[in-house]
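Heads up, the thing below is written out as structure tokens.
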Amino acid sequence: MYARFGFVSDARRVFNEMPVRDLGSWNAMISSYCQSGRAAEALSLFEDMRRNGVRMDCVTVSSVLPVCAPLNDLSMGKLIHVYVIKNGLDFDIFVSNALINTYAKIGCIEDAQRVFDGMETRDLVSWNSIVSAYEQAGEPSTALYLFGEMRKNSFQPDKLTFVSLASVAAQCGSFQNGRGMHGSATRRGWILEDIFVGNALIDLYAKLGRIDYAQKMFDTMAVKDVISWNTLITGYAQNGLANEAIELYHSMDKCEGITADQGTLVSILPGFSHVGALVQGKRIHGRSIRIGLHLDVFVGTCLIDMYAKCGRLDDAMLLFGEVPRRSSVPWNAIISGHGIHGHGAKSLFLFAEMQEEGVKPDHVTFVSLLSACSHAGLVDQGQRCFQRMQREYGIVPTTKHYACMVDLLGRAGQLDTAYDFIKSMPIRPDASIWGALLGACRIHGNVELGTLASDQLFEIDSENVGYYVLLSNIYAKVGRWEGVDKVRSLARDRGLRKTPGWSSIAVNNRVDVFFTGNQSHPRCKDIYKELGILLAQMKNLGYVPDYSFVLQDVEEDEKEHILTSHSERLAIAFGIISTPPKTPIHIFKNLRVCGDCHNATKFISMITEREIIVRDSNRFHHFKDGNCSCGDYW
DNA sequence: TTAGGGTTAG
């Protein structure tokens, strides 16, 4: 009774005083721990139960299994599974469903599938569980296939099916599909009945990049919970709208009946990491300490990521030393943190340490490791990681892993090997793979392979202007101007909508975003004035503008103006006039930093005696005394 | 006095 009203500690006292405990009382006590989210205590009581020789039944198993996933305790899950088989409990549908869910959450999709295959009868929960398992594993096509099978077996989808399918739709990236799902949920009246359905739709629209629709969905919901708020905050943050995310976060605090929770911090922090807003991020760190959440694995990991992405690797390491690190999650964050700063050797060292501590790496660990090796030029080590990932850990490479490998080989100049590698891939190469090859061809000025890669890219994703820019840069680099013209007119003929480039900088508690050619900033005049002064000084020191980065077909002086008003330069100039001399400047750019701006920033760092840290969509560039940490990648 | 599936990190 106590447990039902949430007084778990009282329930435990009664439990402790019981002269005789039967299976029912153990089960009741364990399940009350599970339901109040006290996973570790549930598991420890479960161990007591086993030590006392009490045999568990279907109820025990299905209430204790769900706590294995949050604790990332695969061995406990397996142990229970063995017990289940030995004692013939696997015929119970609750037990099998719980096993599917546990395996799926720990990332053992094959085990989940095996349990599902072995079931004699399945109910709606079994089908929902397996669909959701593949959705969580990032295999939307399999999830959709199983959904089809579910329909063939005459099961009608319910709201929970819908929630999984919404995530599947987000992974597939089709807005049309998303609209269709919204319509069907409305027709069935689900949006009014269940807050989860509305939340799933907010998430879906936000992931499809349609934050306007996400906001509309949020506005129309009669009842919102903390998750509705968190999901929308995440949406703004993931779409690069950090200021909107923080505004929402503040209005949430003013909203009665809604209290920021762990999920809120996890939602807002990546927004700050994204734009490099250290001061704002630190404030969240403070709040997390006040509400006792700073050592939570999720919050801790986001904080590690935030410090790393804001250029504070030392603070990231300090925090890493404090958070629980039984799961791969914080390890992945710290490995990737060192990787993006070009410290590949440290990433490898941390990986070795992770293995020593017996933490099982997952597919994300290897994405972080491979890209760390690639940025640091550690080709052999990267290749070994790729082999070990498959042989030792049985992880099947995804397109992300393949793209890292192409990048690794390509950056190091092994372009033919990279191309052979693509040809030998067992899956169809997507845009990210050819994009990695094209990027490498840009670095090494390989026109032949570059055209080959861009032909593929124009077929897969002809709308992405970034590839045209890269290809034209390749032609420009080797002085083939007729090629540059050809690509330009191709892009023009296809009427390409250009992805607007923007850069952001966090100064005085605000994140300022600059679009290329921006004229509307309150300090616009001062910014251009500063850029004019800098340009003159740079030219005296030998800077020559590189017009090959200007795609527009205009006169020379106009080209100079275009380069000077690139978003990264506006942000840097704003940083210079808004902070005391010699303060380091942190910039974030949504696309790759332009090659000419890269060169100009070297000069600016020398003239102003400032460290300038630019994180772009690809990597960190650390400018100091006229040099950049990334070497001569441009 | 007892059991299951959904949102948010890397």
Side-chain angles (χ1 to χ4, degrees), chain A residues 1-4 11 14-15 18 21-32 34-35 56-66 89 92-102 104-105 123-133 135-136 158-167 170 194-204 206-207 225-235 237-238 261-270 273 296-306 308-309 327-337 339 361-365 367-368:
Chain A
M1 184 194 85
Y2 277 127
R4 188 170 289 174
V14 174
F15 177 83
M18 286 170 89
R21 298 179 197 123
D22 61 3
L23 182 59
S25 28
W26 283 97
N27 286 348
M29 194 60 236
I30 290 174
S31 79
S32 60
C34 297
Q35 274 159 20
M56 50 184 166
D57 66 354
C58 296
V59 179
T60 327
V61 171
S62 29
S63 49
V64 86
L65 268 174
L89 301 180
D92 185 271
I93 207 158
F94 276 77
V95 169
S96 297
N97 291 346
L99 279 168
I100 295 174
N101 281 298
T102 306
K105 288 214 183 79
D123 64 1
L124 185 58
V125 179
S126 326
W127 284 101
N128 282 347
S129 304
I130 197 74
V131 169
S132 139
E135 176 270 307
Q136 286 168 52
D158 69 353
K159 289 175 230 165
L160 282 99
T161 326
F162 180 88
V163 173
S164 296
L165 286 181
S167 298
D194 197 329
I195 209 163
F196 268 101
V197 174
N199 290 349
L201 284 167
I202 297 178
D203 184 51
L204 171 59
K207 288 220 174 87
D225 61 4
V226 68
I227 291 165
S228 324
W229 285 87
N230 293 352
T231 310
L232 191 61
I233 292 174
T234 308
Q238 283 173 348
D261 65 357
Q262 177 234 31
T264 313
L265 305 188
V266 169
S267 302
I268 194 75
L269 275 168
S273 316
D296 173 89
V297 179
F298 279 60
V299 176
T301 300
C302 290
L303 285 167
I304 292 171
D305 184 57
M306 185 275 295
K309 290 207 174 120
S327 87
S328 63
V329 179
W331 288 94
N332 296 348
I334 197 75
I335 288 174
S336 130
D362 60 13
H363 61 109
V364 183
T365 317
V367 173
S368 308

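Chain identifiers are assigned alphabetically (A, B, ...) following the order of the sequence lines, protein sequences preceding nucleic acid strands; residue numbering begins at 1 within each chain.
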Requested in this report: Could you walk me through whether A:Asp57 and A:Leu89 pass the side chain to side chain contact (heavy atoms under 4.5 Å, CB included) test, one step at a time?
Outcome: CA-CA 8 Å; A:Asp57 66 354; A:Leu89 301 180; 5.5 Å; no
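- Using a 4.0 Å heavy-atom cutoff across all strands shown, A:Asp362 reaches at least one base atom of the nucleic acid.
- Going from atom CG of A:Asn199 over to atom P of B:dT8 covers 10 Å, rounded to whole Å.
- Base engagement by A:Ser328 is indicated by at least one non-hydrogen atom pair under 4.0 Å involving a base atom.
- A:Ala98 comes within 4.0 angstrom of no nucleic acid atom, judged by non-hydrogen atoms across all strands.
- With B:dG6, B:dT8, B:dA3 as the choices, the nucleotide that has an atom nearest any side-chain atom of A:Asp92 turns out to be B:dA3.
- For DNA chain B, the neighbouring residues in residues 228-235 of chain A, judged by any heavy atom under 4.0 Å, are A:Thr234.
- Between B:dG6, B:dT2, B:dT8, one nucleotide has an atom nearer to the side chain of A:Val163 than all others, and that is B:dG6.
- At a cut-off of 3.5 angstrom, the base of B:dA3 holds at least one donor-acceptor pair with the side chain of A:Ser62.
- Across all strands shown, A:Lys207 has heavy atoms under 4.0 Å from sugar-phosphate atoms exclusively, and none from any base.
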Query raised in the report: Would A:Val197 and A:Phe162 count as a side chain to side chain contact (heavy atoms under 4.5 Å, CB included) if you check the C-alpha gap in whole Å, the side-chain angles of each, and the deciding distance to 0.1 Å?
Result: CA-CA 7 Å; A:Val197 174; A:Phe162 180 88; 3.6 Å; yes
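- We find that NZ of A:Lys105 is positioned 17 Å from P of B:dA9, with the value rounded to whole Å.
- As rounded to whole Å, 16 Å separates atom C1' of B:dG4 from atom CD1 of A:Ile30.
- Atom CD1 in A:Ile304 sits 12.0 Å away from atom NZ in A:Lys309 (nearest 0.5 Å).
- Closest contact between the side chain of A:Val364 and the listed nucleotides B:dG10, B:dG4, B:dT2 involves B:dG10.
- Here the P atom of nucleotide B:dT2 and the CG atom of A:Leu89 are 20 Å apart, to the nearest Å.
- Checked against B:dT2, B:dA9, B:dG10, the side chain of A:Ala333 finds its nearest nucleotide in B:dG10.
- Among the protein residues, A:Asn97 comes within range of the nucleic acid bases, having at least one heavy atom under 4.0 Å from a base atom.
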Report task. Walk me through it: do A:Asp261 and A:Asn230 pass the test side chain to side chain contact (heavy atoms under 4.5 Å, CB included)? Result -> CA-CA 9 Å; A:Asp261 65 357; A:Asn230 293 352; 3.2 Å; yes
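- The NE2 atom of A:His363 sits 13 Å away from the C1' atom of B:dA9 (whole-angstrom rounding).
- Nucleic acid contact class of A:Asp261 (heavy atoms, under 4.0 Å, all strands): none.
- Heavy atoms only, all atoms of each residue included: A:Ser129 and A:Asn97 are closest at OG-O, 4.5 Å.
- Separating the CG atom of A:Asp22 from the P atom of B:dT2 is a distance of 11 Å, rounded to the nearest angstrom.
- Between the CG atom of A:Leu65 and the SG atom of A:Cys34 there is a distance of 9.5 Å, given to the nearest 0.5 Å.
- The separation between A:Phe162 atom CZ and B:dG6 atom C1' is 12 Å, rounded to whole Å.
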Requested in this report: Kindly determine whether A:Val364 and A:Ser368 satisfy side chain to side chain contact (heavy atoms under 4.5 Å, CB included), including the steps that lead there.
Outcome: CA-CA 6 Å; A:Val364 183; A:Ser368 308; 4.3 Å; yes
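- Among the protein residues, A:Asp123 comes within range of the nucleic acid bases, having at least one heavy atom under 4.0 Å from a base atom.
- A:Val266 comes within contact range of the sugar-phosphate backbone alone, with a heavy-atom separation under 4.0 Å but no base atom that close.
- Note that OG1 of A:Thr231 and CG of A:Leu204 are 11.5 Å apart. Values are rounded to the nearest 0.5 Å.
- Remark: C1' of B:dT2 and CZ of A:Phe15 are 12 Å apart, rounded to the nearest angstrom.
- Among the heavy atoms of the strands, none lies under 4.0 Å from A:Asp225.
- OP1 or OP2 of B:dA9 sits under 4.0 Å from a side-chain N or O of A:Gln238.
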